[in-house]
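Within every chain, numbering begins at 1; the chains are lettered A, B, ... in the order of the sequence lines, protein sequences first and strands thereafter.
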Amino acid sequence: MTVRLRVAPSPTGHLHVGTARAALFNWLYARHTGGSFILRIDDTDRERSTVEFEEDILDSLRWLGLDWDEGVGVGGPHGDYRQSSRYERYRDVASSLVESGVAYYDNRTPDELEALRRRAVAEKLHPAHYIRRPATAVTEGAIRLSVPQEEAVVFDDLVRGRVSFEARDIDDFVILRTDGTPTYHLASTVDDVDYGITHVARGEDLLPSTPKHIVLTRALGASQPEYAHLPLLFGTDGKKLSKRHGATSLSLYRDEGYLPEAVFNYLSLLGWSIDGDRTIFSRDEAVAVFDLVDVSRNPAVFDPDKLAWLNGEYIRAMEPSDFTRSARPHVERAVGRQLHEEEWAKFDTVSALVQERTRLLPEAGDQVVFLFEDFAEYDPAAWDKVMTKEGVAGILSSARDRLTKVDPWDAGTIETALRGMLEEMGLGAAKGLQPLRVAITGSSVSPPLFESMAALGRDKTLERVERAIGQLSGTG
RNA sequence: GGUCCCGUCGUCUAGUGGUCUAGGACGCCGGCCUCUCAAGCCGGUAACGCCGGUUCAAAUCCGGUCGGGACUACCA
């Protein structure tokens with residue numbers, strides 16, 4: 001039998017990194033086994049579901065490189081793979097379960113149900129203890145599944161091993177609401193059965209719901225899928241990852257210039273490892289060895305620092321031309337306007353230098369703004385640290401004189417001239433060059449100086465050296 | 001409270017009775033290199049929650065304990 005897995009996000013928000021990680025593991029296992037990966041959209045919450053979020057989810061999945069074989073957007077033998085299209089199917093299933101006697105109508109009010117729960121708790125019983133089929137049958141209201149009380153529900157979870165729930169702890173849960181809409185348990189289970197899902201790999205938060213799904217699956221006369229409950233993702237405070245922890249939507253990472261390969265690699269490391277000592281590996285390498293049984297049981301803390309480091313590794317590994325192209329939007333964003341061809345040519349001359357110094361693409365922009373716009377003011381800390389020292393004015397004016405004569409204007413010639421100056425003045429490179437860096441970039445941190453000057457051009461370079469001299473003498 | 005899950009460096013993890021005075025990675029600290037910053041290289045920091053038991057031998061098996069988490073809806 002071929003393996004079939006699915007991911008079933010709700011379009012009530014952007015694709016969450018936790019959902020993305022679950023999708024990733026499903027995808028890895030499908031690809032590893034040569035099975036199918038299916039995208040279903042669980043949009044039964046009509047109030048909060050939007051087409052924009054659905055689009056965002058599809059885009060994010062594609063961006064991550066998780067292609068699906070069936071489902072929303074690509075079709076397949078099971079309709080459009082949206083739960084909102086299957087209400088009739090869910091109602092039919094619920095009524096037939098009532099007919100066969102394994103489900104029943106319940107028109108008790110929330111207050112009555114609450115009273116039953118309180119009573120059970122007061123008697124130190126499971127809250128669900130008294131929520132069972134009422135003595136007298138009714139023919140309206142919500143529909144509950146009658147959970148068989150004889151035996152425990154036991155299953156072998158691929159990541160957790162044997163898990164067991166006492167039947168008496170499983171309440172007769174609602175499968176169809178009074179308004180005729182399905183609950184998550186019904187819709188999800190019916191879909192898994194109808195779509196022939198063989199492996200359900202999802203977040204551990206659904207572990208307590210699994211016995212319900214198993215009981216329902218049996219009631220439907222279907223065979224039970226394998227379950228794999230993946231460890232949850234936590235924020236740095238040890239709590240389930242949520243909005244409070246900052247960036248939790250995948251599209252945000254895309255917009256902030258993370259590389260999909262890096263995010264893929266990082267996410268795969270959360271709860272899984274390819275072996276004892278490799279951290280960086282390709283999709284194909286992961287596909288080759290991935291197995292759900294190797295997934296870790298403990299929750300993983302999402303560490304933005306490590307993701308950033310990994311992203312830097314991937315950026316440095318890029319083809320220089322790919323980097324240049326990827327960096328462009330970020331450069332324009334940092335500069336605050338579009339650049340023309342001549343300016344791009346300048347950027348190209350320092351692109352490789354910038355690439356080595358970039359972890360996150362937006363940093364590439366920050367490093368080169370000085371090439372295209374005059375900075376408004378010097379970084380105060382940089383100025384205090386390097387420009388207030390003895391002899392700085394002399395360095396600047398001497399450099400100005402030398403730079404005026406540099407010909408041709410390229411990094412090598414500039415370096416020769418400036419190093420000649422350093423030697424003549426008896427200055428160390430660090431001491432003699434930092435003032436020039438601050439003068440032309442406004443900052444004490446920048447790409448290498450000679451290349452920066454070469455890209456900036458002679459006129460601008462001299463202009464900025466003059467500006468610094470003026471500032472020093474108090475007339476700037 | 002109840003049910004269930006989890007417990008190796010700050011973090012992600014390797015480890016399935018001896019090869020573990022516990023390995024790799026991020027971070028952090030120090031050094032080298034160096035025009036700054038990165039990168040690179042070298043070195044360092046730091047963990048088997050605790051208590052019992054089984055065994056010649058336990059991070060690995062068992063029990064208990066403590067701690068954390070998820071769930072506990074006519075949300076998903």
### Task
Check whether any side-chain N or O of A:E256 sits under 3.5 Å from a backbone N or O of A:P362 as a donor-acceptor pair, and report yes or no.
no
### Message
Looking at A:T109 and A:E112, would you say the former's side chain and the latter's main chain have a donor-acceptor pair under 3.5 Å?
### Response
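The answer is yes, because a donor-acceptor pair under 3.5 Å joins these two groups.
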Which nucleotide, [options], lies nearest any side-chain atom of [X]?
X: A:S10; options: B:G27, B:A76, B:C12; result: B:A76
X: A:S273; options: B:C74, B:G7, B:U13; result: B:U13
X: A:R117; options: B:C35, B:G69, B:C74; result: B:C74
X: A:V163; options: B:C5, B:C74, B:C35; result: B:C5
X: A:F165; options: B:U11, B:C4, B:A38; result: B:C4
X: A:P127; options: B:C12, B:U72, B:C6; result: B:U72
X: A:R160; options: B:C6, B:C74, B:A76; result: B:C6
X: A:T44; options: B:C6, B:A76, B:C26; result: B:A76
X: A:P208; options: B:G40, B:C71, B:C74; result: B:C71
X: A:D305; options: B:G27, B:C5, B:C12; result: B:G27

Please work out if [X] contacts a base, only the sugar-phosphate, or nothing of the nucleic acid, heavy-atom cut-off 4.0 Å.
X: A:V121; answer: nothing
X: A:S443; answer: nothing
X: A:R297; answer: sugar-phosphate
X: A:R108; answer: base
X: A:E313; answer: sugar-phosphate
X: A:L232; answer: sugar-phosphate
X: A:S188; answer: nothing
X: A:P448; answer: base
X: A:G141; answer: nothing
X: A:L422; answer: nothing
X: A:A430; answer: sugar-phosphate
X: A:H229; answer: nothing

Residue-phosphate contact under 4.0 Å: [X] side-chain N/O, [N] OP1/OP2:
X: A:R419; N: B:C35; answer: yes
X: A:R278; N: B:A25; answer: no
X: A:N298; N: B:G69; answer: no

[N] pairs with, by Watson-Crick or G-U criteria that keep both distances under 3.5 Å:
N: B:A14; result: none
N: B:C37; result: none
N: B:G43; result: B:C29

### Query
So, is the end of the A:R21 side chain (NZ or CZ) under 6.0 Å from the ring centre of A:F302 and within 45° of the ring's axis?
no
Pair [X] + [Y]: basic N to acidic O under 4.0 Å:
X: A:D192; Y: A:R40; answer: yes
X: A:E88; Y: A:R91; answer: no
X: A:R86; Y: A:D194; answer: yes

In whole Å, I'd like the distance from the [atom1] atom of [X] to the [atom2] atom of [N].
X: A:E415; N: B:U36; atom1: CD; atom2: C1'; result: 14 Å
X: A:L116; N: B:U72; atom1: CG; atom2: P; result: 19 Å
X: A:L207; N: B:U72; atom1: CG; atom2: P; result: 13 Å
X: A:W309; N: B:U11; atom1: CH2; atom2: P; result: 18 Å
X: A:E363; N: B:A39; atom1: CD; atom2: P; result: 10 Å
X: A:Y314; N: B:A39; atom1: OH; atom2: P; result: 17 Å
X: A:H14; N: B:A76; atom1: NE2; atom2: P; result: 21 Å
X: A:F450; N: B:U34; atom1: CZ; atom2: C1'; result: 12 Å

Before we go on, tell me: are the rings of [X] and [Y] under 6.0 Å apart, centre to centre?
X: A:F372; Y: A:F347; answer: no
X: A:F290; Y: A:W272; answer: yes
X: A:Y184; Y: A:H213; answer: yes

Spacing of the [atom1] atoms in [M] and [N] (rounded, Å):
N: B:C51; M: B:C26; atom1: C1'; answer: 34 Å
N: B:A76; M: B:G7; atom1: P; answer: 31 Å
N: B:C48; M: B:G23; atom1: C1'; answer: 13 Å
N: B:A59; M: B:U16; atom1: C1'; answer: 11 Å
N: B:U54; M: B:G44; atom1: C1'; answer: 39 Å
N: B:G10; M: B:G1; atom1: P; answer: 28 Å
N: B:C50; M: B:U55; atom1: P; answer: 23 Å
N: B:A14; M: B:A47; atom1: C1'; answer: 13 Å

### Task
Ignoring hydrogens and angles, answer whether the base of B:C74 and the side-chain atoms of A:T183 contain a donor-acceptor pair closer than 3.5 Å.
no
